[in-house]
2 protein chains.
Amino acid sequence: MTTKRIKLSDIARELNVSVGTVSLVLSGKAKQHRIGEEMAKKVIAKADELDYQANIMARSLRTGKSGIIGLAVADIANPYFGRMARYIENEASNMGYQVMFGSSDEDSNKLSSILNTFHSRQVDGIIVVPVENCELVGGMSNNDTIPTVLIDRECNNLQTDLVCTNNFDGAVQLNEVLLKKGYKKIAAFVYNLRLSNFEERLNGYKKAIKNVEGTFNPIVFSIDFNNVEENLVKALEEALKIRCDGLFFVNNSLGILSLKIMRKRYKKLLTKIGMVSFDNPEVFDLSTPRITCWEQPVEEMSKKAVELLVGKINNKNEDKCQQIKLKGKLILRDFQ
Amino acid sequence: MTTKRIKLSDIARELNVSVGTVSLVLSGKAKQHRIGEEMAKKVIAKADELDYQANIMARSLRTGKSGIIGLAVADIANPYFGRMARYIENEASNMGYQVMFGSSDEDSNKLSSILNTFHSRQVDGIIVVPVENCELVGGMSNNDTIPTVLIDRECNNLQTDLVCTNNFDGAVQLNEVLLKKGYKKIAAFVYNLRLSNFEERLNGYKKAIKNVEGTFNPIVFSIDFNNVEENLVKALEEALKIRCDGLFFVNNSLGILSLKIMRKRYKKLLTKIGMVSFDNPEVFDLSTPRITCWEQPVEEMSKKAVELLVGKINNKNEDKCQQIKLKGKLILRDFQ
DNA sequence: AGTATTTACTTAAACGTTTTAGCAATCATT
DNA sequence: AATGATTGCTAAAACGTTTAAGTAAATACT
């Protein structure tokens, strides 16, 4: 039943040639190493016949290249990261890499365990959405260094290759939309996580409201990431109590969940409150109200990250690190 | 800068012991192989000091176990599969496995290329959402067989381990809900893909409408998977033209996109048409109308699939194949 | 004291590739 | 015919583990 896996030596034996010859032919180095054309054909034919599939473990061990890109996101079940994973998969596949993933849940311990695994597996490169205490990312690459590209957010002071978006501008524009529509008092909602993208978005919010006459002090609700629902319910209650008429959410999860809560508990207010959010999940287009938001160019980001990473993998020399900031897009929808 | 990676021989050299000893200690086989406790402590301490990380390529080559589970879904960007991937990741991680994924786009060529890759990489097991022409799955495991579990759908006649849900019942119930609410003429929407789950759902639809007095013939719109939007627009137009008042969608993508189209083009009809769909994406809870749907127990399915798979990996002997059918849940929402 | 057993390690082969160095045989050149 | 170049392959080491088999020393048993 379970036949044995075919290996180079099987082909070699059947053809009465050496393993080296077979290897050179099948890895496309026949000409370069002066293997005759006839021999090459014979080898290839035999390999086809026997349905040879290289043992990548062995190859990797020998070459030191695994052909794997490690991807560490916050949560692959979050459609934003799901899409990111998909685009990264596509691009990586084009470049001849497979993707192995892990979800950190914004937890630096989980992330560091994921990164350690990647390390053990000798992935050729890592794309990572860093989390709060990301010294770990640096710490990880202490011993020997795996090419790494950050995506979505910066990591504290770490000067690494990076692909992100103009979060600040996005937040400014989202809040300006609200203000221009006449909303007077906007509250911002963010997780209690010190993440660069969230902070930039918060700064954009502060900038936007500072520019406006009849200004008010920033109102920021910091939502405990480990107890989101309960916190958010309270925060929204409080926001409405102090008569906020605009709500600015720093990412899709906060926006979506808030929408859910608002619909359940404050249905009548829905027409009066202006809600804007980062990211553009499907639901914001079909919900009532439809949510104006700032869409990040996930496909470009993902492609660019892979491109950068593969570049880094191939030219370990060129140590210049690139920090790429792509432009998001305002998606205008109704407010009622 | 780039220090060398630490290997067993480095530890052995520093301690003046053999590589074998170090290996035995670090792989927890010290007692079993009568390595002294003191030695064990020394080795472990040194490994910690030098921050040793095993080279998994080498280990895998030797042991024939990669510690990787391959996951082939239709599209990781689809939240349904994204969630599945996440639960599988969790469970696999608990069991000591990493997950490598690939998206087939329902294309048997892509799937077979993904499976070949998994094969080459000697993944220890495969969880796969099969596609239309899935002889390939069988074909793949021709030579030597990798434990495989199907998830979400069956594969033609292949008698393999499988985790899916009671699609037929779900479809029956969804359509009965519509009929009981007084909808008279229901159209079903499905992709032009011969997938067991879709077919079961379609059969459920047919069963439900057959049971009802004043019955009508099944109305099935088969949407070209490679040209979904255009086809769906036409199909919906046609359905409304022939005065269908109920729409039954066989999966989330069809439901979501149709909702989008309906909202754009037939806003006034939205209150009169009853829409029900499989899967329970977030948007169905926040949209207008909110969509009654059949939620599959994705977490259980995923867990069960991993459990089954790991079982298979560990007892190659026990050849009995298990086909598990889990129960979904009706999520009742409004229709207007 | 002499033999058997146990303890604590070491040796070395093996996993399946890749790749460098080398060896014959053939061909070209004088 | 002797020399040099070229062609077409082979041999064998190496990648870093795991693990079966072996060995020497210490301990137990008669």
Side-chain angles (χ1 to χ4, degrees), chain A residues 4-44 46-47 50-68 119-124 143-144, chain B residues 4-44 46-47 50-68 119-124 143-144:
Chain A
K4 235 5 207 170
R5 211 189 154 91
I6 299 298
K7 43 195 159 180
L8 289 183
S9 59
D10 296 321
I11 300 179
R13 187 168 13 77
E14 293 224 3
L15 257 38
N16 264 314
V17 297
S18 77
V19 173
T21 303
V22 178
S23 169
L24 289 172
V25 170
L26 293 181
S27 56
K29 306 206 180 78
K31 260 152 224 167
Q32 184 188 334
H33 282 262
R34 298 187 316 237
I35 306 294
E37 288 203 10
E38 293 203 5
M39 174 61 80
K41 275 181 197 160
K42 274 203 299 185
V43 168
I44 289 172
K46 195 49 120 180
L50 300 181
D51 192 26
Y52 169 76
Q53 298 252 82
N55 179 324
I56 301 203
M57 298 301 172
R59 174 181 296 165
S60 300
L61 177 59
R62 174 59 222 240
T63 61
K65 304 256 140 214
S66 63
I68 301 179
H119 198 242
S120 264
R121 290 210 175 271
Q122 311 210 240
V123 302
D124 294 337
N143 235 344
D144 76 319
Chain B
K4 236 4 205 170
R5 211 188 153 92
I6 299 298
K7 45 196 158 182
L8 290 182
S9 59
D10 296 322
I11 300 179
R13 189 170 9 81
E14 293 223 4
L15 255 42
N16 263 315
V17 297
S18 77
V19 173
T21 304
V22 178
S23 170
L24 288 171
V25 170
L26 294 182
S27 56
K29 307 206 179 76
K31 259 152 225 166
Q32 182 187 336
H33 282 262
R34 299 187 314 241
I35 305 295
E37 289 204 9
E38 293 204 3
M39 174 60 82
K41 276 183 197 157
K42 273 203 301 185
V43 168
I44 290 172
K46 196 46 120 181
L50 300 182
D51 191 26
Y52 170 75
Q53 299 253 79
N55 179 326
I56 301 203
M57 297 302 170
R59 174 181 297 164
S60 300
L61 177 59
R62 174 59 221 242
T63 61
K65 305 256 140 216
S66 63
I68 301 180
H119 198 242
S120 266
R121 291 210 175 274
Q122 311 210 239
V123 300
D124 294 339
N143 236 344
D144 78 319

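Computed from heavy atoms alone, side chains included, the values below leave out hydrogens, waters and symmetry copies. The sequence lines fix the lettering, A, B, ..., with proteins before strands; numbering per chain opens at 1.
In this structure, the NZ atom of Lys29(B) is 13 Å from the P atom of dT17(D), given to the nearest Å. Across the protein-nucleic acid pair, Gln122(A) atom CD and dG16(D) atom P stand 8 Å apart, rounded to whole Å. For the pair Tyr52(A) OH and dG16(C) P, the computed distance is 10 Å after rounding to whole Å. If you take CZ of Arg13(B) and P of dT17(D), they are 12 Å apart, rounded to a whole angstrom. As rounded to whole Å, 13 Å separates atom C1' of dT17(C) from atom CG of Asp10(A). For the pair Leu8(A) CG and dA11(D) C1', the interatomic distance rounds to 15 Å; values are reported in whole Å. In this structure, Leu26(A) atom CG and dT17(C) atom P are separated by 9 Å, rounded to whole Å. The nearest whole Å value for the distance from the CG atom in Leu24(A) to the P atom in dT18(C) is 9 Å.
With Ser60(A) contributing its side chain and Met57(B) its backbone, the two residues share no donor-acceptor pair below 3.5 Å. Of the possible polar contacts, one joining the Asp124(A) side chain to the Ser66(A) backbone as a donor-acceptor pair under 3.5 Å is found. A donor-acceptor pair is defined here as one N or O able to donate and one able to accept, closer than 3.5 Å; no such pair exists between the side chain of Thr21(A) and the backbone of Val17(A). Between the Ser23(A) side chain and the Val19(A) main chain, no donor and acceptor come within less than 3.5 Å of each other.
Here Ser23(B) lies in heavy-atom contact (under 4.0 Å) with a base.
In this structure the side chain of Leu50(A) reaches within 4.5 angstrom of the side chain of Lys46(A), judged on heavy atoms. Put simply, the side chain of Leu8(A) reaches to within 4.5 Å of the side chain of Tyr52(A), judged on heavy atoms. Using a 4.5 Å cut-off on side-chain heavy atoms (C-beta onward), Gln122(A) and Ile56(B) make no contact.
Listed nucleotides dG8(D), dA14(D), dT20(C) differ in distance to Arg62(A); the shortest reach to its side chain belongs to dA14(D). Ranking dC9(D), dA14(D), dG16(D) by closeness to the Thr21(A) side chain, first place goes to dC9(D). Nearest nucleotide to the Val17(A) side chain, out of dG16(D), dT18(D), dT10(D): dT10(D). Looking at the side chain of Arg34(A), the nearest of the listed nucleotides dT17(C), dG8(D), dG16(D) is dG8(D). Proximity note for Ser18(B) (side chain, C-beta onward) versus dT10(C), dT17(D), dG16(C): the nearest is dT10(C).
Using a 4.0 Å cut-off on heavy atoms, the residues of residues 35-43 of chain A that approach DNA chain D are Ile35(A), Gly36(A), Met39(A), listed by number.
For Asn16(B) and Leu61(B), each mapped to the nucleotide of DNA chain C holding its nearest heavy atom, the one lying further toward the 5' end belongs to Asn16(B).
Across its full length, the helix from dA1(C)-dT30(D) to dT30(C)-dA1(D) shows an angle of 60° between the axes of its 5 terminal pairs at either end, rounded to 10 degrees.
The existence of a salt bridge linking Asp10(B) and Lys7(B) is excluded, since no basic side-chain nitrogen approaches an acidic carboxylate oxygen closer than 4.0 Å.
Shortest non-hydrogen contact noted between Leu26(B) and Ala47(B) is CD2-CB, 3.9 Å. Of all non-hydrogen atoms in Arg5(A) and Ala54(A), the two that sit nearest each other are NH2-O, 3.3 Å.
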